[in-house]
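Single-structure report; data block below.
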Amino acid sequence: MAKVKVAFFCTNCGAESPKWMGQCPSCKAWNTLVEEKVVKTKNDRLEHKPDWRTVGNGTSAVSAGPIGRGPKPVPLNEVTAGEVERMVAPDKELNRVLGGGIVPGSIVLFGGQPGIGKSTLLLQLALRLGKRVLYISGEESEEQIKMRADRLGGSTENCYLLTETNTDKLLKHAATLKPDLLIADSIQTLASPHVESMAGTVSQVRECAAELQRFAKESGIPVFLIGHITKEGSIAGPKLLEHIVDAVLQFEGDRNYTYRILRTLKNRFGSTDELGIYQMDASGLREVSNPSELLLSERDENLSGSAICATLEGMRPMLIEVQALVSAAVYGNPQRSATGFDLRRLSMLLAVLEKRAGLSLGNQDVFLNIAGGLRVDDPAIDLSIIAALLSSAQDVSISPELCFAGEVGLSGEIRAVTRIEQRIQEADRLGFRGIYVSKYNVKGLDPDRYSIRIHTVSTVRELYDDLIA
């Protein structure tokens, strides 16, 4: 006979509490505890109690029941490490993000905003993989998926659709079909009959993810999960879901632009510094092998307020355009606006310009934009932002053959950045004539290896004198 009890779960971290509280005792979030029913069966109790027996001269706890055929403790020096044979996907960007391909028996979580292209990316993978794929959809009908598949193109012979939300039924179908890859769209729509709560609740998301994880590990079939995100941009559901899966991929991008970035938040089988770049068009998501040429294709050479930054997105060097507009404030308090960049960081850079370069910006409106709809957190973008602000404030255009890479400190110094050789090589490959870097970055660097000229600066004032004065 099943015993039903009521518990309260935190929607932010998944912590369980016997009673409702305004603040979660685990993650300290407010108003996140929700009431759910929990079913306890006899099988959940421990059938065999430990039996203390004397072994030699010591005492140890030995279970009264049989150990069974489960795994046994093995010395680490007896474990042989073998190379895992990955399933190589036809998508090079996805292979890069996953660390070289799909690992058998792994479970991967895809997160992203609604309409960003998560279902399109995975359906495109299912159609082009060339292996048997089971696509489980709890949100769309078979006709809707068929319409998208016709638009994307690819082989539909090995792609099987299943519109089911009951985990017991869909796992039985998966065990019968034995696909090479299982895709679940989405984890918030699945429901386990072993938990008496609605789909999408903390207990349902946790139980469904655990059942799919057991299926993946026991069968060796990789499982891809699609997860919704919250208003704050994090993956919906408890953090426990991110601990269950082997890899967490975040699909980012502005829906007003065509570019999409696939980032790695967690990867047990590879690096988290890699990312994939796609371009959305009528035929689906297209891989972008050289994003620098696309992002720099719409530049005007004679306008002020524009500077090129040699940045790194993960491990990939990329050149992007920084646009700045400085104008007199005529509506009272001056405005500060930044798109694709941290506004507090922009305020700090403006204060450095006023203090160290002598620019009066207290009565000026300042607008900053990262072209292409990208969001950049690389500190090396500071120097290009300073250059764009100086160019717009003095109305002097910067040569389109120059780019910048450097971090700006509070004292106005230009600090060294990581992987400067990759940035210089990317700028050299794209035909730039010069690059401004910190003088501390050129130690041990051979400038004769590159055809691009390397300009070194140490302070913001020195950059101002070199570009504007």
Side-chain angles (χ1 to χ4, degrees), residues 84-91 94-95 98 100-111 117-195 199-200 204-228 241 244-249 268-269 284-285:
V84 179
E85 185 177 353
R86 299 173 183 254
M87 183 191 306
V88 179
D91 190 335
L94 182 61
N95 288 330
L98 291 176
I102 304 172
V103 177
S106 62
I107 179 168
V108 182
L109 176 63
F110 280 78
K118 304 183 297 296
S119 301
T120 302
L121 177 64
L122 292 186
L123 181 59
Q124 191 170 284
L125 171 65
L127 296 174
R128 301 176 183 178
L129 185 60
K131 297 181 180 292
R132 182 177 296 180
V133 180
L134 177 58
Y135 190 98
I136 301 170
S137 176
E139 299 180 347
E140 297 176 303
S141 64
E142 296 176 354
E143 290 77 12
Q144 291 176 307
I145 300 175
K146 173 62 175 176
M147 292 172 59
R148 183 185 293 125
D150 292 339
R151 177 172 55 86
L152 296 176
S155 176
T156 58
E157 298 177 357
N158 295 323
C159 184
Y160 294 81
L161 301 181
L162 177 62
T163 54
E164 179 62 65
T165 58
N166 188 301
T167 54
D168 276 358
K169 296 180 180 179
L170 64 89
L171 289 178
K172 288 180 181 178
H173 286 290
T176 304
L177 183 62
K178 295 181 180 179
D180 297 303
L181 176 65
L182 189 146
I183 300 173
D185 184 10
S186 66
I187 185 63
Q188 277 81 13
T189 62
L190 302 183
S192 173
H194 307 291
V195 179
Q204 280 287 6
V205 169
R206 177 170 53 187
E207 179 65 23
C208 294
E211 292 181 10
L212 289 171
Q213 182 200 35
R214 287 193 295 269
F215 171 79
K217 301 305 178 184
E218 293 174 0
S219 64
I221 299 174
V223 176
F224 283 2
L225 304 177
I226 294 179
H228 299 159
L241 183 61
I244 290 177
V245 300
D246 297 316
V248 179
L249 307 183
R268 289 174 178 165
F269 308 109
L285 289 164

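This structure is a prediction, so every number in the text was calculated from the model and none was measured.
The line from CD of Glu142 to CE of Met147 is 14.0 Å long, rounded to the nearest 0.5 Å. Here CG of Leu190 is found 12.0 Å from CD of Glu207. Values are rounded to the nearest 0.5 Å. Distance CD/Glu140 to OG/Ser186: 10.0 Å, rounded to 0.5 Å. Here the straight-line distance linking atom OG1 of Thr163 with atom CG of Leu170 works out to 11.0 Å at 0.5 Å rounding.
Shortest non-hydrogen contact noted between Gln188 and Ile226 is OE1-O, 4.0 Å. Across every non-hydrogen atom of Ile102 and Ser106, the tightest pair is CG2-OG, 4.4 Å. Thr120 and Gly284 make their closest contact through CG2-CA, 4.3 Å (heavy atoms, listed as atom of the first residue, atom of the second, distance). The minimum heavy-atom distance linking Ile187 with Leu225 is given by the pair CD1-CD1, 4.4 Å. Closest heavy-atom contact between Val88 and Gly100: CG2-O, 4.4 Å. When every heavy atom of Thr167 is checked against every heavy atom of Cys208, the shortest pair comes out as CG2-SG, 3.6 Å.
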Please table the atom pairs, donor to acceptor, closer than 3.5 Å between any side-chain atom in residues 178-185 and protein atoms at least two apart or in another chain.
{"residue": "Asp180", "atom": "OD2", "partner": "Arg132", "partner atom": "N", "Å": "3.1"}
{"residue": "Asp185", "atom": "OD2", "partner": "Ser119", "partner atom": "OG", "Å": "2.8"}
{"residue": "Asp185", "atom": "OD2", "partner": "Tyr135", "partner atom": "OH", "Å": "3.0"}

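Between Leu162 and Leu177, every side-chain heavy-atom pair lies at or beyond the 4.5 Å cut-off. Looking at Ile244 and Leu109, their side chains never come closer than 4.5 Å, going by heavy atoms from C-beta outward. Contact of the Leu212 side chain with the Leu171 side chain is registered, since non-hydrogen atoms from C-beta on lie closer than 4.5 Å. Inter-residue side-chain proximity for Val103 and Pro222 is flagged as unmet; no heavy-atom pair is nearer than 4.5 Å. Inter-residue side-chain proximity for Leu249 and Leu94 is flagged as met; some heavy-atom pair is nearer than 4.5 Å. In this structure, Phe215 and Ile221 have side chains that are in contact, with non-hydrogen atoms separated by less than 4.5 Å. Inter-residue side-chain proximity for His173 and Glu164 is flagged as unmet; no heavy-atom pair is nearer than 4.5 Å. Val108 places none of its side-chain heavy atoms less than 4.5 Å from the side chain of Asp246.
In this structure a side-chain-to-backbone donor-acceptor pair under 3.5 Å is present from Asn95 to Ala89. The backbone N or O of Leu285 lies less than 3.5 Å from a partner atom in the side chain of Gln124, making a donor-acceptor pair. A side-chain donor-acceptor contact under 3.5 Å links Gln204 to the backbone of Ser192. Using modelled atom types, one side-chain atom of Lys217 and one backbone atom of Gly105 make a donor-acceptor pair closer than 3.5 Å.
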Quick one: do Lys146 and Asp150 satisfy salt bridge (charged side-chain N to carboxylate O under 4.0 Å, His left out)? Show the steps, please.
-> CA-CA 6 Å; Lys146 173 62 175 176; Asp150 292 339; 3.3 Å; yes

List the steps and the verdict of side chain to side chain contact (heavy atoms under 4.5 Å, CB included) for Thr156 and Leu127.
-> CA-CA 6 Å; Thr156 58; Leu127 296 174; 3.9 Å; yes

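Within a 6.0 Å sphere centred on NZ of Lys169, other residues, nucleotides and ligands contribute 12 heavy atoms or fewer.
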